[in-house]
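Note sheet for the following structure.
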Amino acid sequence: MTLLLILGMGIITFLFRFTPLLIRKKSEPRQKESRLLDNLPLAVLSALIIPGIFQVDAETPRVGFVAGIVAVVMLLVKKVPLYGVIVISVLAAVIVKLIYLF
Amino acid sequence: MANNVEQLKRGFLDSVPIVIGYIPASFTFGLVGKTLSLGNWEVFLLSALVYAGASQFIGAKLLAAGTAAPIILLLTLIINLRYFFISISFSRRLNRDTRPIFKGLIGFGLTEEVYAVSMMSEKNRRQVGKQSIPYLLGLVFPPYAVTLIATYAGILLAGYIPISILPALNTSLYVLLIALIIPQLRGSNRNIAISISSAVSSWLLDPYLGTSTVLVAMIIGAFVGNLIPTQEEKTGSDVI
């Protein structure tokens, strides 16, 4: 029973992701709804980051906060490769967490 | 043919940051699922069939609480509706003549992170055209594979691992998203407006809307962006 339910959840999720890919109509590039779609990637990502990053570690929101700040500073100040940004920010988060634990 | 292999490789390379993020996230999911006293198969199948990050956690919690099936399905519908918009936006990057089987595979793997990388990574940003199928398959497959492996590892090792350090590792997913949006904000008032308005509305609405916050916030952000003229629409003389 539970397995059927999980399958149902999977089908719903899949249909949301799959159905729009089947549309074959050509969209006019300068139309208003097309401009809204241009804005969508940035809007989704921004909404996902905040407040999500503060909730990664519900007990110590500072962990996510520090990782975010370190990442933003690295991206703004100096050209660090993506892997470097991720590794250093996560290390900063781990260090903050360890300080809180001990 | 050689070009296809090249594209596939490029997809694999671009998927590495996503893979790095999904390992701790899926591992945590395996652990948390077991902690909620769900069966091994239930935890694994949530990763394998639903494959949708945060909504998997919510699904696991609802299942463990014995919530009625129609309510779980309704909540899945609401929480995952955002993928519908993500997919509409993504569909313009996909060649319309793509075979349905490939559309199915790519659609199945179209998580937020995959979407973000395919729309925004530095190499693709200037490219208005379509993404090639080998590239997208290369981008989609590794994150799914590590999700399965790491979920399984989490299920097996539940009970042996101190769970307290894992959240800190999961910040990597958010750092990836930040790294993808910051370059977009340079020199574009419109993009800054989109980003700030959707982030702020998501922050403010989160306590009230809970899981459907992202959906509402992204629509607000997209509309606010439309209020700001783009660079081409301006005369160019009003640079301060």
Side-chain angles (χ1 to χ4, degrees), chain A residues 1-3 5-14 16-24 26-27 32 35-53 56-60 63-64 67-68 71-72 75-76 82-83 85-87 89-90 93-94 96-98 101, chain B residues 17 20 42 45-46 49-50 52 59 63 69 72-73 76-77 80-81 83-89 91-92 94 96 103-104 107-108 110 112 116 119-120 164-165 167-172 174-182 184 191 194-195 198-199 202-203 206 214 217-218 221-222 225-226:
Chain A
M1 184 55 211
T2 316
L3 299 187
L5 185 52
I6 293 172
L7 184 64
M9 296 162 74
I11 289 172
I12 290 173
T13 310
F14 174 70
F16 277 147
R17 287 169 173 168
F18 175 59
T19 323
L21 304 185
L22 290 176
I23 298 166
R24 296 176 65 94
K26 210 176 238 171
S27 58
K32 204 150 197 175
R35 284 188 46 192
L36 277 178
L37 284 179
D38 287 338
N39 298 343
L40 215 53
L42 203 54
V44 183
L45 300 188
S46 309
L48 282 171
I49 294 169
I50 295 176
I53 193 166
V56 189
D57 189 341
E59 290 163 28
T60 14
V63 167
V72 169
L75 289 161
L76 287 181
L82 182 56
Y83 310 115
V85 174
I86 292 178
V87 170
S89 314
V90 171
V94 170
V96 171
K97 184 66 185 177
L98 288 175
L101 281 177
Chain B
I20 294 172
E42 293 168 352
L45 285 178
L46 276 168
L49 297 177
V50 185
L63 284 176
I72 293 187
L73 291 177
T76 308
L77 211 70
N80 288 346
L81 182 60
Y83 287 117
F84 186 68
F85 294 96
I86 283 177
S87 182
I88 291 175
S89 158
S91 69
R92 298 180 315 152
L94 197 64
R96 284 176 301 130
K103 285 184 176 174
F108 181 81
L110 192 63
E112 283 108 343
M119 300 295 281
M120 295 189 152
S164 51
I165 203 73
L169 297 179
N170 283 331
T171 51
S172 59
Y174 293 94
V175 172
L176 169 63
L177 298 182
I178 291 173
L180 290 170
I181 70 162
I182 293 286
Q184 307 273 310
N191 284 355
I194 296 168
S195 186
S198 78
S202 155
W203 200 355
D206 187 62
V214 174
M218 79 184 192
N226 260 18

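Values reported hereafter were calculated over all heavy atoms of this structure, with side chains retained and with hydrogens, waters and symmetry mates removed. Sequence lines set the chain letters: A, B, ... in the order given, protein chains first and strands last, and positions in each chain run from 1.
- Among the candidates B/Leu49, B/Asn80, B/Leu63, B/Ile20, the residue making the largest number of heavy-atom pairs closer than 4.5 Å to chain A is B/Asn80.
- To the nearest 0.5 angstrom, A/Ile11 atom CD1 is 11.5 Å from B/Thr76 atom OG1.
- Contact of A/Leu82 with chain B is made through the side chain alone, with heavy-atom distances under 4.5 Å.
- Only the side chain of A/Leu101 comes within contact range of chain B, judged by heavy atoms closer than 4.5 Å.
- When all heavy atoms of A/Met9 and B/Leu73 are compared, the pair lying nearest together is N-CD2, 3.8 Å.
- Interface remark: of the candidates B/Ala52, B/Ser172, B/Gly59, B/Ser195, B/Ser195 forms the most heavy-atom pairs closer than 4.5 Å to chain A.
- Counting heavy atoms from C-beta on, the side chains of B/Thr171 and A/Val94 never come closer than 4.5 Å.
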Is there a side chain to side chain contact (heavy atoms under 4.5 Å, CB included) between A/Ser46 and B/Ile181 once you walk through the steps? CA-CA 8 Å; A/Ser46 309; B/Ile181 70 162; 4.0 Å; yes
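- Here the closest heavy-atom approach between residue A/Ala47 and residue B/Ser198 is recorded as N-OG, 3.7 Å.
- With rounding to the nearest 0.5 Å, the separation of CG in A/Leu40 from CZ in B/Arg92 is 9.0 Å.
- In this structure, the portions of B/Leu46 lying under 4.5 Å from any heavy atom of chain A include both its backbone and its side chain.
- B/Tyr174 and A/Leu48 get closest at one heavy-atom pair: CE2-O, 3.4 Å.
- Side chains of B/Ile178 and A/Ile53 form a contact here, defined as non-hydrogen atoms less than 4.5 Å apart.
- Proximity to chain B (any heavy atom under 4.5 Å) is shown, for A/Leu5, by both the backbone and the side chain.
- For B/Asn191, the parts sitting under 4.5 Å from any heavy atom of chain A are the backbone and the side chain alike.
- Heavy-atom distances place the side chain of A/Leu3, and not its backbone, under 4.5 Å from chain B.
- A donor-acceptor pair under 3.5 Å is absent between the side-chain atoms of A/Ser89 and the main chain of B/Val175, judged by distance alone.
- Chain B forms more heavy-atom pairs under 4.5 Å with one residue of A/Gly8, A/Gly64, A/Gly52, A/Ala67 than with any other, namely A/Gly52.
- Using a 4.5 Å heavy-atom threshold, the side chains of A/Pro41 and B/Ser89 count as touching.
- In plain terms, the two heavy atoms of A/Ile86 and B/Pro17 that are nearest each other are CD1-CB, 3.8 Å.
- By number of non-hydrogen pairs under 4.5 angstrom with chain A, the leading residue of B/Leu176, B/Leu77, B/Ile86, B/Leu45 is B/Leu77.
- When side chains are defined from C-beta on, B/Ser87 does not count as touching A/Thr19, because their heavy atoms never get closer than 4.5 Å.
- With chain A as the partner, the residue from B/Ala69, B/Ala217, B/Ala222, B/Gly225 showing the most heavy-atom pairs under 4.5 Å is B/Ala222.
- For A/Leu76, the parts lying near chain B are the backbone and the side chain together; criterion is any non-hydrogen pair under 4.5 Å.
- Not a single donor-acceptor pair under 3.5 Å links the side chain of B/Ser91 to the backbone N or O of A/Leu21.
- Listed for the A/Arg17 side chain is a donor-acceptor partner under 3.5 Å among the backbone atoms of B/Leu110.
- Heavy atoms only, all atoms of each residue included: A/Pro51 and B/Trp203 are closest at CB-CD1, 3.8 Å.
- For chain A, the nearby parts of B/Leu177 are the backbone and the side chain; heavy atoms of each come within less than 4.5 Å.
- Heavy-atom minimum distance, B/Pro167 versus A/Asp57: CB-CB, 3.6 Å.
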